[in-house]
Colleague: 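Got a structure for you, written out below as structure tokens; questions coming shortly.
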Amino acid sequence: MPAQLINGKSLSATLRQQIAAEIATQVGKGVRRPGLAVILVGQDPASQIYVRNKSLACEEVGIQSFYYGLPESCSQEELGALIEQLNADPAVDGILLQLPLPKPLDASRVLESIDPCKDVDGFHPYNLGRLAERRPLLRPCTPRGIMTLLDSIQTEYRKKHAVIVGASNIVGRPMALELLLAGCTISVCHRFTQNLAYFVKQAELLICAVGKPGLIQGDWIQEGATVIDVGISRLPDGSLRGDVDFESARMKAAWLTPVPGGVGPMTIAMLLRNTVEIWQSSATFISTPQFTGTEGSARRC
């Protein structure tokens, strides 16, 4: 029997409706709207599309979006000054820095300068460290979206062997931390892994996030596995394709995410959810103590 598809587009739409309702309820009580600042450096076409989609999603649910477009010639100091300004702005709950940054800007340095409590992407070392300590606060959006997808199909993943293909800081590494927290046994494959097919065949839960179209073949996949395809690439004919060979994988897996329409919409939904959670924990709702870290001070998240 062909795999059942995990419809991230449909689930994302439901989550957006819930978020919009939460915001409308609070705004109706006189609370200010949540605010998300989005920073784009340069004119990368793909990044421009991503930023536009995020802004539209914010508008849809009632989040105020602040857009900051900087030239590719922007210096590290100029970008840092903007981050400092947004850290101090009470109308800004979340700060999103669109990656990748043009060279020679140092993305790690910039991400660390973002107030950990406004780190809507969950990439600050403080937030990643909390996840590693099994005390998550702001969680990276794509891994969080994947966990939400897994919960939606109501399949047991605790005690299962999860194999992650790709070890990026954005998906693979935080995904491993999420699944460890959920009670899975984890294998992480990367560019130095030998005999990738051997590891994929052991996966009861397979998550692929490398951006190489058709890398994972259907005959590598364990019968009845759950397969989450994060990768998305545009082919010369303009079509989109994931890391997994969809048609052959569908004949082996029990559950499979389509590309597009699987993980992508969930990433944006979790961006909105993180923004709302920051907003709800801000001084708008409650008074919070101070956290003092290596980069300065911020509210305790």
Colleague: Which pairs with one or both residues in residues 132-154 pass salt bridge (Lys or Arg N to Asp or Glu O under 4.0 Å), sequence neighbours excluded?
Modeller: Glu133-Arg135, Arg139-Glu178, Arg144-Glu277
Colleague: Could you pull out all residues at least two apart from Asp119 that satisfy side-chain hydrogen bond (donor to acceptor under 3.5 Å, both in side chains)?
Modeller: Asn127
Colleague: Can you list every pair that meets side-chain hydrogen bond (donor to acceptor under 3.5 Å, both in side chains) and has a residue in residues 252-271, with sequence neighbours left out?
Modeller: Thr142-Thr267
Colleague: Got a sec, which residues hit side-chain hydrogen bond (donor to acceptor under 3.5 Å, both in side chains) with Gln4, two or more places apart in sequence or on another chain?
Modeller: none
Colleague: Per the salt bridge (Lys or Arg N to Asp or Glu O under 4.0 Å) rule, what does the pair list look like for residues 48-57, sequence neighbours excluded?
Modeller: none
Colleague: Quick one: salt bridge (Lys or Arg N to Asp or Glu O under 4.0 Å) pairs with a partner in residues 230-242, sequence neighbours left out?
Modeller: Arg241-Asp245
Colleague: Using only atom types and a distance under 3.5 Å, with no angle test, would you say the side chain of Lys201 pairs donor to acceptor with the backbone of Gln222?
Modeller: no
Colleague: Holding to side-chain hydrogen bond (donor to acceptor under 3.5 Å, both in side chains), I want the full list of residues that pass it with Glu72, two or more places apart in sequence or in another chain.
Modeller: none
Colleague: Once you round to the nearest 0.5 Å, how far does CG of Asp93 lie from CD of Gln64?
Modeller: 10.0 Å
Colleague: Once side-chain hydrogen bond (donor to acceptor under 3.5 Å, both in side chains) is applied, what residue pairs with a partner in residues 183-192 remain, sequence neighbours excluded?
Modeller: His161-Ser187
Colleague: Tell me, please, which residues at least two apart from Ala209 pass side chain to side chain contact (heavy atoms under 4.5 Å, CB included).
Modeller: Val171, Val230
Colleague: Excluding sequence neighbours, so at least two apart, what forms side-chain hydrogen bond (donor to acceptor under 3.5 Å, both in side chains) with Glu78?
Modeller: Ser75
Colleague: Please enumerate all residues that pass salt bridge (charged side-chain N to carboxylate O under 4.0 Å, His left out) together with Arg33, with sequence neighbours excluded.
Modeller: none
Colleague: Can you pull out every salt bridge (Lys or Arg N to Asp or Glu O under 4.0 Å) where at least one residue sits in residues 202-227? Sequence neighbours excluded, please.
Modeller: none
Colleague: Is there a donor-acceptor pair under 3.5 Å between the side chain of Asp243 and the backbone N or O of Leu215?
Modeller: no
